[in-house]
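Taking it in order: structure first as structure tokens, then the write-up.
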Amino acid sequence: MTGEREDMGTIDSGDTAWVLICGALVLLMTPGLACFYAGMVRAKHVLGMFMNNYVAIAVVSVTWVVIGYSIAFDRTLGGLTGRLGMAGLRNAAGGVPGFPHLTIPPLAFMSFQLMFAIITAALLSGAVADRMRLGAYVTFVAVWSVVVYAPLAHWSFSPEGWLAHRGLLDFAGGTVVEICSGASALALALVVGPRRGWPRELMAPHNLPLTLLGAGLLWFGWLGFNAGSALSAGAIAAQAVVNTHLAGVGGLLGWLVVERKITGHATTLGAISGAVAGLVAVTPAAGFVDTLPALLLGAVAGVVSLVAVRLKFRFRYDDSLDVVGVHFAGGVVGTLFVGLFASRGVNPGVGHQGLLLGGGFTQLGIQALGVLAAAVWSFAMSYLIAWFLRAVLAVRVDPGDEVVGLDSTQHAEAAYDLGSSSGVGRFGA
Amino acid sequence: MTGEREDMGTIDSGDTAWVLICGALVLLMTPGLACFYAGMVRAKHVLGMFMNNYVAIAVVSVTWVVIGYSIAFDRTLGGLTGRLGMAGLRNAAGGVPGFPHLTIPPLAFMSFQLMFAIITAALLSGAVADRMRLGAYVTFVAVWSVVVYAPLAHWSFSPEGWLAHRGLLDFAGGTVVEICSGASALALALVVGPRRGWPRELMAPHNLPLTLLGAGLLWFGWLGFNAGSALSAGAIAAQAVVNTHLAGVGGLLGWLVVERKITGHATTLGAISGAVAGLVAVTPAAGFVDTLPALLLGAVAGVVSLVAVRLKFRFRYDDSLDVVGVHFAGGVVGTLFVGLFASRGVNPGVGHQGLLLGGGFTQLGIQALGVLAAAVWSFAMSYLIAWFLRAVLAVRVDPGDEVVGLDSTQHAEAAYDLGSSSGVGRFGA
Amino acid sequence: MTGEREDMGTIDSGDTAWVLICGALVLLMTPGLACFYAGMVRAKHVLGMFMNNYVAIAVVSVTWVVIGYSIAFDRTLGGLTGRLGMAGLRNAAGGVPGFPHLTIPPLAFMSFQLMFAIITAALLSGAVADRMRLGAYVTFVAVWSVVVYAPLAHWSFSPEGWLAHRGLLDFAGGTVVEICSGASALALALVVGPRRGWPRELMAPHNLPLTLLGAGLLWFGWLGFNAGSALSAGAIAAQAVVNTHLAGVGGLLGWLVVERKITGHATTLGAISGAVAGLVAVTPAAGFVDTLPALLLGAVAGVVSLVAVRLKFRFRYDDSLDVVGVHFAGGVVGTLFVGLFASRGVNPGVGHQGLLLGGGFTQLGIQALGVLAAAVWSFAMSYLIAWFLRAVLAVRVDPGDEVVGLDSTQHAEAAYDLGSSSGVGRFGA
Amino acid sequence: MKLVTAVLRPHVLDDVRAALVAENISGLTVGEASGHGRQRGHTEVYRGAEYTIDFLPKLRIEIVVDDHDVARVVDAIAGAARTGKIGDGKIWVVPVDDVVRVRTGERGLDAV
Amino acid sequence: MKLVTAVLRPHVLDDVRAALVAENISGLTVGEASGHGRQRGHTEVYRGAEYTIDFLPKLRIEIVVDDHDVARVVDAIAGAARTGKIGDGKIWVVPVDDVVRVRTGERGLDAV
Amino acid sequence: MKLVTAVLRPHVLDDVRAALVAENISGLTVGEASGHGRQRGHTEVYRGAEYTIDFLPKLRIEIVVDDHDVARVVDAIAGAARTGKIGDGKIWVVPVDDVVRVRTGERGLDAV
Ligand SMILES: Nc1ncnc2c1ncn2[C@@H]1O[C@H](COP(=O)(O)OP(=O)(O)O)[C@@H](O)[C@H]1O
Ligand SMILES: Nc1ncnc2c1ncn2[C@@H]1O[C@H](COP(=O)(O)OP(=O)(O)O)[C@@H](O)[C@H]1O
Ligand SMILES: Nc1ncnc2c1ncn2[C@@H]1O[C@H](COP(=O)(O)OP(=O)(O)O)[C@@H](O)[C@H]1O
């Protein structure tokens, strides 16, 4: 402990506290996602899912520090990629190109952004649950984080990137996180192929309380994810908190209402799926739109996702835990929505008012370009990488192991051993 | 991302960071409560409990934004209710009437308060576990949040409300949150009626680890709940953190010691029930009393709650998860306690020193008035609403469904499907 | 609520917000640890483990407030112990001796430090899982927190303590928390003796998802644990966040890679055990070393721990959940590592550059002294206390109770009652 | 001696036990099971996809009884477990050659 | 009547049920079990310590059938459950004195 | 052939298996069960309310054996499972008509 506060000129302690704690919240999202996902798989594949999430934390942290951060945030090379001057975090403490007025230590920014890269990678595991080899997944994620994610982060998040430069408004990663994870997940799921028995067999969640708890942690973390992206603790952060929360609310309600109409039942998995869809959709919008539009956005995203998750049955790709249906669909909806409702009143950083606020089609056009660029780039590159991997190594576990379960065959563990102290042995009053 | 910090005059970034993160902590309390409660019900009703908590987040967020916030915090109408000038959050970003020296964005205040409204509503679900229809619960909560909660919040939390105006000291909601939830829960439980088989049948918790984890999240969130109510990050917030924690500690010890004396066993459910009782009791007191009184308050509340939860068996109301015994009892104890130990040394906002600090009976009288007003108002109004609902729609699920379980009959889901990978199949060494 | 921000001269709201929220994160680590540990024991001892963790929160909070804090942080008596001038927190709000430039309320410091004392005590429960009597554990922890922990905290954490005074660099508790818990755990495990049936019987974790979730909460909390120790929200805190995270990453990877080489399997318990080992090791180093050394440190600690946890089988002490192998080993590695890589560039508070940064052996020598002092003190004193307790009261539960399980025999509860809604009854598609 | 095995709805256990106690039968062993028969399963919905659960939770009770108690025991169980709705379950009776009480080594009727 | 009990691999349930339906048998009771035999268990690793799990997860199916259905039922189960690898399991047949349908009180063949 | 069913305390499994291996019996099937008998249950306390748990956790072991092995098997189990305290459990023996090894289709004694 030092007991003294260092003075770094422009560093604001409140902003720093805010971004640091928001970074911690985003870190927590990955264990939260692990619970969310692991609860949805069958009891024999639980640890496989946890493993994919925890190794994503590790692998992406390394690639980000070694090179990803530099690609994403060093000075630009034609708007397409950052240079390699901050590889290994060289010079990273000195400042962030394009952010001259940063009031937080550059390392706080670096680690906040690292947490984004981690969760985006971890999301992919949902699409290939219960069948992908750990080695293949790790290799994919390592390459993908450098080749796919980091450049896209440069485009949208670095003020010098070509999309940001054209005026793309992506507050916390509608393109970089949501569309990217969704499109990459689709590519990966296509290359890896469906789970044995899908879609004939019942593959019901094995532990919904775990999933529901995970959703709670995600919601909590998402407040930091979006509002931390203000990079300061002020009115924009407050607006982002409100918008984020309300979009989650809208998504929850949107999904539930429609689900009940269609199936006659309101399910808890539906409720939180809708909430997550709303949170996804508000990610690009949180600091740019007003309160009620955020609520509306959430509701729209909830309904769209409910429809989108059904597409896998029609088009026969086994996106096991609906990364495409939730993150791709939600990301597209949210990114476009900014073009409708972006408001200079909310955020002076908005270049053109949204279409419905009288700003014309300019911003919507830019947003559509961002959607397209992110989707095509992420899908095509991920497909390529996955396809290449499948050509050179086994991407799936042995079919027999898939039947027995990843936990015992791949990880030599069992998720549960509730023994005779659970259930049986407890009859009576 | 903006990368620049907006300058809003009196906004303090440290205070803003504090209140925003505290708001996030309070949000997390509701999923925490869901775990806490869901672990206590039987395995067939788990998702029903989660559902009630998650929809409470959604429903109350909507009513709060639409009208509740305005009722609670707009300029007063005779001290009884706020006006409707901030309905739909119109003008809400401009300031909060009665808080001229606010150093945080008004939206941060609004959303911090929203989280309070949510958790108070979610608490009610514990009283009607395992039997109330989702539709009826949603309707009740929606109406209640506007008609019962918001006015009471005005009375106690808005400096213009009649209780606050008379000098009621309620730091973070002893009346608004605890007494209100407890009294409303009692009314609701009376109208809805007991669970089938209660109290004859064993209705043991199905998953205490989930409950214990939930308690941990509650404790964590409560630090934000109480200390965030300082609305700034300074000495009062620090005192509130210390007091909150120590009251939890006192409650845990108080319950355990007495429980062990009575039953011969110290139980984990008892430990955390006591802790929660202590946290409840310190809610009105956290920023007004000194450290050791807070510890004492917790211990008293722990013991009082232990006794109070047994009352339901005597008076035959099925307050299933003890909202009355913990929140009502704890809220009353804590609110009165402020009248004994309120200290101007701790908080210059204290008008009259507590009785035991030589301030005479003035403050205690005001506190008793607050208790009475909150209890009567919450109980009577909630009873009325619930009674009216029972008259016009079904408030309980079909009795057969209650036997089979809410999860499969209402939500078409199963909480667990641990299949053959748990327990069985794992004998041997 | 007060709505106004108190002005306390040197108090910085951003620093205060940071330390308060970090304190909350550290508090959350104990429930996180409870999950982490409880998932690892067998299904019949789950609540016993939770109980030990939650009572540690309560007991240590009381001893800390009553006397521990004063011993640790009041003005020194010859560098060996603090005086008793702040017993019962008298004068505690006035300042912290040795920290003249503190920019946070002293109570914030006090409670941040309290959370450290709690988690250190809670860690001990892992060494004596499934067999120690609650009463004996409570007594031990109470005495130990005053007699062992508080003086050691004075030595290393108070600038007036003899180790700190000699220049020991222990950013967040490599000696005070990690070595102390590890060495004390070893002493306790030796005195209490092994679990019945150990090591012959399979004692596999009963709920790894719970353990994995707990690890996620620990990781999250650790960011606050280490970076909060900067006591301000600035560049050092940011560096500590980055270092902490990367050391966790390094530990995860280090363990996994070696484990896979040895056993042929990469396990999830291995992954998070490695991560925790890395987090342990970086605890003394987080604010003193640069980024890449932190990553390296984590990897080293992961591998060392993997080896160290096997020692118990060779030396036949039943350190049930590997407190020694993870915390002692990691703490030693990390504390020494500071002597190699401490950097004045990272933290001006560093007296001597580390050996590998050209600073010679001075710092390494001081660190080694710190390791030795902490290890010997903690082990010897804990052994003494435990030995004395064993002489005067029963430290173990009845052997029959150990077979049946702590949950039903000691706590009169059952962790799970999943009844017929789990697994069975869910065949079919 | 006979072994009476009954597959019943989960929630009747208390009533069945009471009925058996009334017949002076106190020893029994219970386990969980899933049953398939004429009773229809239920539907579950996960993210809009509906699944039919064909197997329903049942209890499986085993009681070893003396030959001339069989009728009474079977009637007691059936009486207590009957709801009259499809899915009440089955009881079957199997001949037993011998029974041992582990604690004492007693055999036959003494062991029950 | 006979009671056919089969201890099988967990994942064959769907196939076995289909095979039984083809034989017009729809009633059955299933439970979880653990089996030990010639099939080798697997190894688990916890913090570097390796443990051998000797028991493997199995399903246990019970069907009460008419005497002259026994052969068909046994063959149907065995056919559907066979993988040819060690560990496929066993089927055994036990005589049944009587069967009762709880719902109606019907006895014997009518109750099946 | 006979089916030997034993309902025992959970923690004796290892010893019972060892005893059976000593008798050259390696195949067996185990499941979880709850037992009610003379052994008294325990009390649980939830927020001050006390509940009596009447059923105790037991293991249920099934072994199909050749007729002339029955006595040895029963003795081996009883010997290994005996603690002498109330609640040790029961063993019963039922006649078996036929046994099939699913993997090979072998019948009778060869299938065991
Ligand atoms: N032939 C059978 N053999 C074994 N168990 C059976 C058989 N038929 C039914 N069962 C069991 O009895 C339960 C109830 O049977 P079902 O046909 O649904 O209703 P009911 O007994 O009222 O006619 C089933 O769920 C199953 O567990
Ligand atoms: N004598 C027996 N009595 C009861 N169950 C048995 C017996 N022998 C084997 N089993 C059951 O059958 C399963 C398969 O037996 P195993 O010897 O592994 O393979 P296989 O049946 O292919 O020869 C075992 O796991 C066990 O559940
Ligand atoms: N008549 C019976 N039929 C089936 N199982 C029985 C019967 N009597 C006892 N059991 C089983 O045996 C177990 C032990 O019986 P109990 O009477 O408690 O002790 P003991 O066998 O030592 O006399 C019971 O828990 C129950 O599972």
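A quick note: this is a predicted structure, and the numbers were derived from the prediction, not measured. Numbered from 1 within each chain, the chains take letters A, B, ... in sequence-line order.
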Q: Would you check if Val242(A) and Val65(B) make a side-chain contact, meaning some heavy-atom pair closer than 4.5 Å?
A: no

Q) In terms of heavy-atom proximity below 4.5 Å to chain B, should Leu212(A) be classed as side chain, backbone, both, or neither? A) both

**Q.** Any donor-acceptor pair under 3.5 Å from Tyr54(B) side chain to Ala275(A) backbone
**A.** no

Q: Side-chain contact test, heavy atoms from C-beta onward, threshold under 4.5 Å: evaluate it for Leu27(B) versus Trp219(A) and give yes or no.
A: yes

Q: Below 4.5 Å from any heavy atom of chain A, which atoms of Leu89(B) appear? Answer side chain, backbone, both or neither.
A: side chain

(Q) Less than 4.5 Å apart, side chain to side chain, heavy atoms only: is that true for Val62(B) and Val249(A)? (A) yes

Q. Minimum heavy-atom separation for Pro209(A) to Ala415(B), with atom names?
A. CD-O, 3.3 Å

Q: Taking all non-hydrogen atoms of both residues into account, name the closest pair between Ala233(A) and Ser13(B) and its distance.
A: CB-O, 3.4 Å

Q.
For Leu107(B) versus Ala238(A), what's the shortest heavy-atom pair and its separation?
A. CB-CB, 4.2 Å

Q: Please round to the nearest 0.5 Å and tell me the distance separating atom CE of Met110(B) and atom OG1 of Thr291(A).
A: 6.0 Å

Q: Let me know if Ile21(B) has heavy atoms under 4.5 Å from chain A in its side chain, its backbone, both or neither.
A: both

Q.
If I measure from the heavy atoms of chain A, does Ile118(B) come under 4.5 Å with its side chain, its backbone, both, or neither?
A. side chain

Q | Per-residue contact mode, Leu25(A) against chain B (heavy atom under 4.5 angstrom) | A | side chain

(Q) Which atoms of Leu210(B) are under 4.5 Å from chain A, going by heavy atoms: the side chain, the backbone, both sets, or neither? (A) side chain

Q. Does Ser61(B) have any side chain to side chain donor-acceptor pair (under 3.5 Å) partners at least two apart in sequence or in another chain, and if so, which?
A. His245(A)

Q: Would you name the heavy atoms of His265(A) and Thr409(B) that are closest together and state the gap between them?
A: CE1-O, 3.4 Å

**Q.** Minimal non-hydrogen separation, Ala43(A) against Leu418(B), with atom names
**A.** CB-O, 3.4 Å

Q.
With side chain to side chain contact (heavy atoms under 4.5 Å, CB included) as the criterion, how do Leu252(A) and Ile57(B) come out once you've worked through the C-alpha distance, each side chain's angles and the decisive distance to 0.1 Å?
A. CA-CA 9 Å; Leu252(A) 188 153; Ile57(B) 297 179; 5.8 Å; no

Q: Identify the two heavy atoms, one from Glu413(B) and one from Leu269(A), that lie closest to each other, and give their separation to 0.1 Å.
A: OE2-N, 3.0 Å

Q: With sequence neighbours excluded, give me every salt bridge (Lys or Arg N to Asp or Glu O under 4.0 Å) pair touching residues 47-67 of chain B.
A: none

(Q) Between His206(A) (side chain only) and Tyr416(B) (backbone N and O only), is there a donor and an acceptor less than 3.5 Å apart? (A) no

Q | chain B contact via Ala266(A) - side chain, backbone, both or neither, heavy atoms under 4.5 Å | A | both

